[in-house]
There are 2 protein chains.
Amino acid sequence: MPTLSEVARHAGVTPATVSNVLRNRGRVGATTRQRVLDAVDALGYRPHLAARALAEGRAPTLALMVSSIANPFYPEFALAVEHAARGSGHFVIICNTNEDPLTGRAYLDQIAGTLSEGVLVTNANLDFADLHATEARGTPVVLCMWERPNEPPGLPCVAVDFRLAGELAGTHLLTLGHRGIGAIVGSKASGIHAARYEGFVDAVRAAGAPKGRVKHAPDTIQGGYTAARALLEADPTLTAIFATNDLPALGAMHAAADLGLNVPGDLSVIGITDIQLARESRPALTTVAVPTVEVAGLAVSLLRELIESSYGQAGGQVATNVPMRISSAPQLVIRASTGAPRPR
Amino acid sequence: MPTLSEVARHAGVTPATVSNVLRNRGRVGATTRQRVLDAVDALGYRPHLAARALAEGRAPTLALMVSSIANPFYPEFALAVEHAARGSGHFVIICNTNEDPLTGRAYLDQIAGTLSEGVLVTNANLDFADLHATEARGTPVVLCMWERPNEPPGLPCVAVDFRLAGELAGTHLLTLGHRGIGAIVGSKASGIHAARYEGFVDAVRAAGAPKGRVKHAPDTIQGGYTAARALLEADPTLTAIFATNDLPALGAMHAAADLGLNVPGDLSVIGITDIQLARESRPALTTVAVPTVEVAGLAVSLLRELIESSYGQAGGQVATNVPMRISSAPQLVIRASTGAPRPR
DNA sequence: CTGAAAGCGCTAACAT
DNA sequence: ATGTTAGCGCTTTCAG
């Protein structure tokens, strides 16, 4: 691998000049520039990113913390993040925490500030203290999916109004005429889906409808399946199920199938997020769509801003107030899994 | 962020000594070592990975080239790769090529050898010439899912006997009694699923069964859906569908549902790979499982070996013969989407 | 067993 | 418009 100096020698100039033409800095004569450019591709020169990172004091990567990329929401989000990141010349390192705060901390300790100049956090079950620590050490952090626009966390974030998402789902079901509605809410350790459920409950209460049954479940198809069966067996009069995420909603549809229930004839099912699979399930899942791509874009651009401004600052303590971006509102997407309850 | 020298100063030793204790190199006195260790965590020191990479002449990351991480197979594979990579202290950078060779090349040009010391390639539709070029520049490359153990590519790889996978699928259907079988084969530009289809055809031919219809389709649920409908409409007597991948197989099941066909009563469906979704579909998909985790492990360890040995070599030209690892055989996993054909 | 010194490949003032 | 000079933070001979 040829180095900058080799290119310089080959072109009969100094390394500084080569560096300048490569990054369009100090003005360089048109003829010299051409000579350098020729040398560059004569030798097949590629800048050494690690060397550059060291010299610039900044790394060309962003770390994306996810609990497990096997959950289909994350790949979709990761794709959008990568797209946005490339726009600013960043590569993205995927950090699977497997829901383990220690793994998360290990990642943060190792790469934050040394290999990545910024950290994007999805619901990866990380320790907030660790996040604050990495921020204090000078590496900006942004939370990608904060669920409560009205209750900012202590960290920069992009928020999505998930309470509204829950409300929209509830209202849709109510409007259709459902009164017996079961709810499957993601447990995720820290009751992370609480806002979604609150929105749902508010909608139901506003309609003066009887509050239905609730069951907590892991954020998986299987989790939703089990929860739905339990719900339906405990109360066979339920005509609809609301899940705080698409995966459990999909599981609920499977449960219905196994119970001989037709969706949406006998049971309506609605989720939240609108992952790819929601479009591809049979019947297609009605859900409340979260603007995933937009959120990824907002998160990356907020992170970039924080990164830029952090290089102005002295130590690590950056901004005075913690910034929050709010995504556009979640939107109800009516597909085939919901319909009017039919008298049984 | 404290540096090595600061730690050294704090501990009253020189940087060299700190480096030594941190990496257990030159022998260091127990007492000095302790002093250093204390300084390290008194200051909260973290090694600067970019600096280390530069000094060592090697980077702590591996690049994983995928066509699009949105295809559910890749996240599963990526997870396994990351797990294996962490075992050797590597982070993994996800490179989505979106099937575009130019994007792939851009990634290779930028990170291979400067930010990543090795490249893992899945069916990302890259230009082989580019791959050879990065290899020639000294960065090892390994193909993760070569489909023909008997026809090694010119690159190091881990091969899976996909011909056998196709054969297993075909045999299963034949054994069940099917005679009218439709096939959906992934197009993927370069007819990448040819081996799978050949195996299937061989099985069918060996049984003296009439060769059924074939339809090419993209490797998606939608692609399988469309292809299956076409197949079924063209020949309603088909009692089974073989798809060269799980996603199209899932699509075929949806098509069956929309056509009012019961699976497996009216139509049996089988795929290849055994992605997570295959287990979670209704009915659960019968498929031929590929040892994904094993493949990821083999790929990473082969890559590691190539990396180590490449540091011995002078320029870039490494081994004399191109290594190939072969995974254990694909295995039929019978679930609920296949059964005996019922007379219609 | 520990220190001194050179340098990885690049950037960034500052000179010229 | 180009060259000089210092490093970035770490590793690594080679001395002591």
Side-chain angles (χ1 to χ4, degrees), chain A residues 1-37 39-40 43-60 89 110-117 137-139 311, chain B residues 1-37 39-40 43-60 89 110-117 137-139 311:
Chain A
M1 297 259 288
T3 71
L4 223 207
S5 331
E6 284 167 18
V7 173
R9 198 172 325 128
H10 190 99
V13 296
T14 66
T17 301
V18 176
S19 177
N20 280 337
V21 354
L22 258 32
R23 45 197 21 251
N24 295 311
R25 292 295 279 247
R27 272 176 287 297
V28 181
T31 151
T32 316
R33 140 174 273 100
Q34 194 49 52
R35 205 142 32 91
V36 169
L37 259 20
V40 162
L43 300 183
Y45 168 78
R46 314 274 170 222
H48 192 297
L49 266 26
R52 177 177 285 181
L54 182 56
E56 286 185 315
R58 57 186 301 177
Q110 292 194 80
I111 68 183
T114 72
L115 205 57
S116 291
E117 59 173 353
R137 277 201 259 103
T139 305
Y311 287 122
Chain B
M1 297 254 290
T3 73
L4 224 209
S5 333
E6 284 167 19
V7 174
R9 198 173 324 131
H10 190 100
V13 297
T14 66
T17 301
V18 176
S19 177
N20 281 336
V21 353
L22 257 31
R23 44 197 22 249
N24 294 311
R25 292 296 281 247
R27 271 175 287 296
V28 181
T31 150
T32 315
R33 141 172 273 99
Q34 194 50 52
R35 207 142 31 91
V36 169
L37 260 18
V40 163
L43 300 183
Y45 168 78
R46 313 278 170 219
H48 191 296
L49 266 25
R52 176 177 286 181
L54 181 57
E56 285 185 316
R58 57 185 302 177
Q110 292 194 81
I111 68 184
T114 70
L115 205 56
S116 291
E117 59 172 354
R137 276 198 262 106
T139 305
Y311 287 123

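Every chain is numbered from 1 and lettered A, B, ... according to where its sequence line falls, protein lines coming before strand lines.
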Rounded to whole Å, the CG-P distance (A:Leu22 to C:dT11) equals 7 Å

Send over the distance from B:Met1 CE to D:dC10 C1', rounded to a whole Å. 13 Å

Contact class for B:Val18 vs. all strands (heavy atom < 4.0 Å): base, sugar-phosphate, or nothing? nothing

So which of A:Leu22, A:Asn24, A:Val13 actually passes side-chain contact (heavy atoms from CB on, under 4.5 Å) with A:Arg33? A:Asn24

Atom NE2 of B:His48 and atom CG of B:Leu54: how far apart are they, to the nearest 0.5 Å? 10.5 Å

Rounded to the nearest 0.5 Å, how far does CG of B:Leu115 lie from OG1 of B:Thr139? 11.0 Å

Select from B:Thr32 and A:Leu54 the residue whose nearest nucleotide in DNA chain C is closer to the 5' end of that strand. B:Thr32

Between D:dT4 atom C1' and A:Asn20 atom CG, what is the distance in whole Å? 13 Å

Measuring from atom OG1 of B:Thr31 to atom CD of B:Gln34, what distance do you get when rounded to the nearest 0.5 angstrom? 8.5 Å

Atom CZ of A:Arg52 and atom P of C:dC8: how far apart are they, to the nearest Å? 18 Å

Between P of C:dG7 and CG of A:Leu4, the distance in whole Å: 18 Å

Whole-Å distance separating the CG atom of A:Leu115 from the P atom of D:dC10: 13 Å

Rounding to a whole Å, what distance do you find between A:Asn24:CG and D:dA1:P? 14 Å

Applying a 4.0 Å non-hydrogen cut-off, can you work out what A:Gly57 is touching in the nucleic acid: base, sugar-phosphate, or nothing? nothing

Just how far, in rounded Å, is P of C:dG9 from CD1 of B:Ile111? 19 Å

Would you say B:Arg23 places a side-chain N or O within less than 4.0 Å of OP1 or OP2 belonging to D:dT11? yes

Base, sugar-phosphate alone, or nothing: which one does A:Thr14 contact when heavy atoms must sit under 4.0 Å apart? base

Euclidean distance, B:Arg52 CZ relative to B:Arg23 CZ, rounded to 0.5 Å: 4.5 Å

May I ask you to list the residues of residues 43-51 of chain A, by number, that have any heavy atom positioned under 4.0 Å from an atom of DNA chain D? none

Taking the side chain of A:Ala55 as its heavy atoms from C-beta onward, which of C:dG3, D:dT12, C:dG9 lies nearest to it? C:dG9

Could you tell me whether the side chain of A:Arg137 and the main chain of B:Met1 form a donor-acceptor pair under 3.5 Å? no

Looking at A:Ser19, does any N or O in its side chain come under 4.0 Å of the phosphate oxygens OP1/OP2 on C:dC10? no

B:Thr32 versus B:Val21: any side-chain heavy-atom pair under 4.5 Å? no

